[in-house]
2 protein chains.
Amino acid sequence: MRAERTRAAILGAAVHLGSLRGLGELSIGGLASTVEMSKSGLFAHFGSKEELQLATVTQAWHIFEEEVVPFPREGIDPSLEALLERWLSFFERKVLPGGCFFVIAAVEFAGLDGPVNDALARALEDQIAAIEAAVRVANESGELPAGKDPSGTAFALHSILVNANSVFVVRGDRGVLDDARVAIGELLGRPQGSREALVAPHA
Amino acid sequence: MRAERTRAAILGAAVHLGSLRGLGELSIGGLASTVEMSKSGLFAHFGSKEELQLATVTQAWHIFEEEVVPFPREGIDPSLEALLERWLSFFERKVLPGGCFFVIAAVEFAGLDGPVNDALARALEDQIAAIEAAVRVANESGELPAGKDPSGTAFALHSILVNANSVFVVRGDRGVLDDARVAIGELLGRPQGSREALVAPHA
DNA sequence: CCTACCGATCGGTAGG
DNA sequence: CCTACCGATCGGTAGG
């Protein structure tokens with residue numbers, strides 16, 4: 001019980017630090033000092049740095065999934081537009097501060113092999129696949145005006161999302177997130193001028 | 001003279017390692033062993049790790065600029081399409097292996113301040129600005145069929161380029177580079193079916 | 001979950 | 001450009 005809470009606190013700090021500085025920069029000693037426990041006490045929860053990294057990736061993915069991915073759940077709009085808006089909101093609210101945790105880490109670990117790299121590569125593919133599935137549904141439901149190639153459209157949409165967050169983090173200015181909303185609108189064939197529908201959904 | 005050559009060899013290795021593993025992972029000791037000299041001998045060329053990082057960023061930018069950016073130079077096609085194709089070719093040939101050196105590093109260093117972060121943030125803006133300038137020229141020359149918003153179009157094109165390289169590096173499969181060519185064609189309003197013109201320019 | 005420790009490596013310095 | 005060294009930190013272990 002108590003160990004579970006400690007582990008959760010450690011992983012919370014690990015996700016935060018890993019998002020800000022990269023998964024490779026996580027150190028056991030640094031993490032131990034931020035959660036105010038001994039290095040070896042923290043170490044005992046994981047057994048190796050690799051296990052700590054793996055648990056951090058898993059935890060980050062759970063947070064992302066809960067916030068963004070449209071599992072059939074009560075109160076979650078399954079449309080493509082809603083998925084993309086949840087994603088942008090996830091960036092804007094800095095739920096995982098720093099760059100897009102998964103893409104940055106996946107690139108950092110590419111070429112190294114091992115379970116951490118596998119988990120990161122899978123997360124990247126799952127992100128693209130989630131968009132592609134929503135594009136297919138949108139094609140069939142008539143949400144998209146013209147039939148779009150699901151794979152290519154998903155890649156383009158994913159690119160806009162990820163780069164919007166990168167530029168957002170580097171500039172420290174949320175304006176680029178609205179640029180992304182406009183670019184998404186154009187990719188989806190939305191006519192010029194209907195921009196407000198996506199930019200200010202609650203207005 | 002000799003010192004210049006040594007410095008060039010060091011920076012060549014630094015750009016290579018920094019591209020593969022991230023600028024933050026560069027260590028003076030590790031770099032010294034790959035160029036087969038003593039740690040302090042290498043250190044003497046730079047005076048601090050920060051100066052080494054800064055010199056590495058500068059060197060990487062010179063390589064990128066030489067390969068991609070359309071300075072008015074003999075034999076360089078100034079069109080938007082040629083710029084984008086040089087960029088994709090730059091990724092495909094792994095001139096800087098690993099992720100898009102500048103974007104990954106800029107995100108990694110975002111929030112830290114200092115000259116390295118400044119240089120990286122500037123490189124990111126210069127990349128987007130280079131695309132935007134080419135879009136403006138293309139608008140005026142008639143290369144683009146309809147007048148496109150230069151800023152928004154540049155952001156979308158930059159997103160496709162950067163993400164194409166990320167996915168390329170993670171998958172280890174160049175197929176996504178052709179997906180990027182298709183996505184770029186659609187963004188530029190190229191009609192379906194003219195894809196081959198960009199995919200296989202030398203066929 | 002702790003103290004106490006291991007060998008290796010970190011950025012950096014002294015002195016030549 | 002080198003040897004020799006500094007204090008700090010790395011991942012990890014022993015033993016409790």
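Predicted model, so just to flag it, every value in this text is computed and none were measured. Chain A is the first sequence line, chain B the second, and so forth, proteins listed ahead of strands; every chain is numbered from 1.
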Peer 1: Got a sec, which residues hit ring-ring contact (aromatic ring centres under 6.0 Å, His included) with B/F109, two or more places apart in sequence or on another chain?
Peer 2: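 Residues passing ring-ring contact (aromatic ring centres under 6.0 Å, His included) with B/F109: none at all.
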Peer 1: Only counting residues at least two apart or in another chain, list the ones meeting side chain to side chain contact (heavy atoms under 4.5 Å, CB included) with A/F43.
Peer 2: A/I28
Peer 1: Identify every side-chain donor-acceptor pair in residues 145-155 of chain B under 3.5 Å, counting partners at least two apart or on other chains, and give the distances.
Peer 2:
unit_1, atom_1, unit_2, atom_2, d
B/K148, NZ, B/L187, O, 3.1
B/D149, OD2, B/G152, N, 2.7
B/T153, OG1, B/D149, O, 2.6

Peer 1: Looking at residues at least two apart in the chain, or sitting in another chain, which of them share a ring-ring contact (aromatic ring centres under 6.0 Å, His included) with B/F101?
Peer 2: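 None.
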Peer 1: Does B/E51 come within less than 4.0 Å of B/R7, counting only side-chain N to carboxylate O?
Peer 2: no
Peer 1: Taking the six-membered ring where the residue is Trp, are the ring centres of A/F168 and A/F91 under 6.0 Å apart?
Peer 2: no
Peer 1: Can the ring centres of B/W87 and B/F90 be said to be less than 6.0 Å apart?
Peer 2: no
Peer 1: Listing request: all side-chain hydrogen bond (donor to acceptor under 3.5 Å, both in side chains) pairs with a residue in residues 27-39 of chain A, at least two apart in sequence or in separate chains.
Peer 2: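 Found none.
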Peer 1: Does any residue of residues 36-55 of chain A have a heavy atom under 4.0 Å from DNA chain C, and if so, which ones, in number order?
Peer 2: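 Result for residues 36-55 of chain A: A/M37, A/S38, A/S40, A/G41, A/A44, A/H45, sorted by number.
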Peer 1: Under the ring-ring contact (aromatic ring centres under 6.0 Å, His included) test, which residues partner B/F46, sequence neighbours left out?
Peer 2: none
Peer 1: Once salt bridge (Lys or Arg N to Asp or Glu O under 4.0 Å) is applied, what residue pairs with a partner in residues 128-141 of chain A remain, sequence neighbours excluded?
Peer 2: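 Every salt bridge (Lys or Arg N to Asp or Glu O under 4.0 Å) pair that includes a residue of residues 128-141 of chain A, provided the two are not neighbours, is A/E132-A/R136.
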Peer 1: Dump the intermediate steps for side chain to side chain contact (heavy atoms under 4.5 Å, CB included) on B/I63 and B/Q59, then the final yes or no.
Peer 2: CA-CA 6 Å; B/I63 294 169; B/Q59 174 67 9; 4.0 Å; yes
Peer 1: Would you write out the dot-bracket form of DNA chain D, 5' to 3', with Watson-Crick and G-U pairs under 3.5 Å, [ ] for crossing pairs, | for pairs to other strands and . for unpaired bases?
Peer 2: ||||||||||||||||
Peer 1: Strictly below 4.0 Å, heavy-atom distances to any atom of DNA chain C: list the hits from residues 105-114 of chain B, or just say none.
Peer 2: none
Peer 1: Could you list by number each residue of residues 11-27 of chain B showing a heavy-atom separation from DNA chain D of less than 4.0 Å, or answer none if no residue does?
Peer 2: none
Peer 1: Using the salt bridge (Lys or Arg N to Asp or Glu O under 4.0 Å) rule, collect all pairs that involve residues 100-129 of chain A, keeping only residues at least two apart or in two chains.
Peer 2: A/E125-B/R171
